[in-house]
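Notes follow the structure.
The chains referred to below are lettered A, B, ... by the order of the sequence lines, with proteins before strands, and numbering in each begins at 1. Below, each value reflects all heavy atoms present in this structure, side chains not excepted, and no hydrogens, waters or symmetry copies.
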Protein chains: 2
Amino acid sequence: MPEPISPKQSMLEQFAAVAKALASAPRLDLLELLAQGERGVEGVAAAAGLSVANASQHLQVLRRVGLVVSRKAGLQVLYSLADDDVLELLAALRRTAERHVAEVDRLVRGYFHEKDALEPVSRQDLVRRMRDGLVTVLDVRPPEEYAAGHLPTSVNIPLKELHRRLDEVPEGADVVAYCRGPYCVLAFEAVAALRQMGRTARRLEDGFPEWRAAGLPVEKGTGA
Amino acid sequence: MPEPISPKQSMLEQFAAVAKALASAPRLDLLELLAQGERGVEGVAAAAGLSVANASQHLQVLRRVGLVVSRKAGLQVLYSLADDDVLELLAALRRTAERHVAEVDRLVRGYFHEKDALEPVSRQDLVRRMRDGLVTVLDVRPPEEYAAGHLPTSVNIPLKELHRRLDEVPEGADVVAYCRGPYCVLAFEAVAALRQMGRTARRLEDGFPEWRAAGLPVEKGTGA
DNA sequence: TTATTAATCAATAAATTAATTGAATAATTG
DNA sequence: CAATTATTCAATTAATTTATTGATTAATAA
């Protein structure tokens, strides 16, 4: 990198640095995880399938450009998203990719769409149906993420346990499942699985972080 | 890059690829130039200070991820932004950098702000003042970019010629200068220069591409 | 057909980035 | 104070990215 000269070049270098931090699949994965709530290095490393040292270095890259922040809590270093701007940036990135990259379109059509032929439920729709008590809200994320924050009245059954714990979903209930974000596979799989088991289920458009960022009510804890 | 396995990983790879295309100062520069309008390789190369071969390769990187499109016109290959999504993504990137990267803040305060102590004029403000005929709109971009599209009633005096052509700016006029975008240096410099010469001048918030994308009226030609 | 022009391609060297390993540090607990 | 735990640091290797150079292709004009 040659010494930046003009202020214009310096600015562009800074913008490029932010983009560079986003330019890695594992780091995007970490960002999605942190969007669920504050979490330690070991936690995200395990969830993302990275070694701890590797995750630590990726997190530092993200911190250096201000996309995430960290604080010490005893032995742990807890990382979290810097703020909701970052969610918007990620959403813009997804939107652009979705509209312009043929491969994304192929994946959406081929895999995601096939798993969920019906339209997802919008946030406003779900708010209405929750108010009228007409819906069972299902959070299919791992318990740590549920504990860090979830939709009010939601029940946490991680995807892996869905078959085993089907009895916790009232028969005949109208299920809306959600997870980490718009392309989080968990909710797709959950809806597919529930339908196969004869239940009525749909998917929430995008996930918990977007719900929270929209200023809708959120509950914490009840995860232990 | 290891073979992507899960659909989730594949999606993340695609998003990362888009971010990677943005992760280069020269490419961001090219995008800002193309945001002014369609342009050939040689044109953008010269404007960005790159060799033609280098610019060509960068443009192909951008095209591969769908951020720009190209068409042949005789001998030339004309590139342009894929669409206004891309402007939004760039804006989100700038916004995040502005809020989270200390160095950007430093540059904005130190260089850009110092050059323009007063608030910029908002688009809506300018629309109003144009309608009332109370303002001289000054486009300080190079003539090629002006020719490809500009604000109605605007006068094109490239920054470099501003001193020489000061007589074209009516004395006592209320000047609003604009250029390529929110951090385009040209308008900052123009406002500073005009004030030094005793004129009344302010800067339009962001630039021509944002004006056009907001659906406001645009003129073409008159550049030859 | 032969030049000419605009753009791309191919090959290279330098620089950066990514993941792994093992060592080092820092905060707590026994 | 020693041991434990969570994280970071440092060094390495492999892979990718960048800009440069010169050759090549494609479209037009002489």
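Side-chain contact between A:L138 and A:L194 is present, with at least one heavy-atom pair separated by less than 4.5 Å.
Looking at residues 48-73 of chain B, you'll see B:A53, B:N54, B:Q57, B:H58, B:K72 sit with a heavy atom under 4.0 Å from some atom of DNA chain D.
Remark: C1' of D:dA27 and CG of B:L75 are 5 Å apart, rounded to the nearest angstrom. As rounded to whole Å, 12 Å separates atom C1' of D:dT7 from atom CG of A:L78. If you measure from atom CD of A:E38 to atom P of D:dA6, you get 16 Å, rounded to the nearest angstrom. Note: CD (B:E42) to P (C:dA6) measures 5 Å, nearest angstrom.
Ion pairing between A:E145 and A:R180 holds under the 4.0 Å rule for side-chain N and carboxylate O. Between A:R39 and A:E144, at least one side-chain nitrogen of the basic residue sits less than 4.0 Å from a carboxylate oxygen of the acidic one, meeting the salt-bridge criterion.
Applying the side-chain contact (heavy atoms from CB on, under 4.5 Å) rule to B:R99 yields the partners A:D85, B:R95; only residues at least two apart in sequence or on another chain are considered.
The side chain of B:Y79 places no N or O atom within less than 4.0 Å of a non-bridging phosphate oxygen (OP1 or OP2) of C:dA6.
Each of A:V86, A:V65, A:L67 was compared with A:L22 under the side chain to side chain contact (heavy atoms under 4.5 Å, CB included) criterion, and only A:L67 meets it.
Ranking C:dT17, C:dA7, D:dT28 by closeness to the A:K20 side chain, first place goes to C:dT17. Closest to the side chain of B:Q76, out of D:dA6, C:dA7, D:dA27, is C:dA7.
Between A:G74 and B:G40, it is B:G40 whose nearest contact on DNA chain C lies nearer the 5' terminus.
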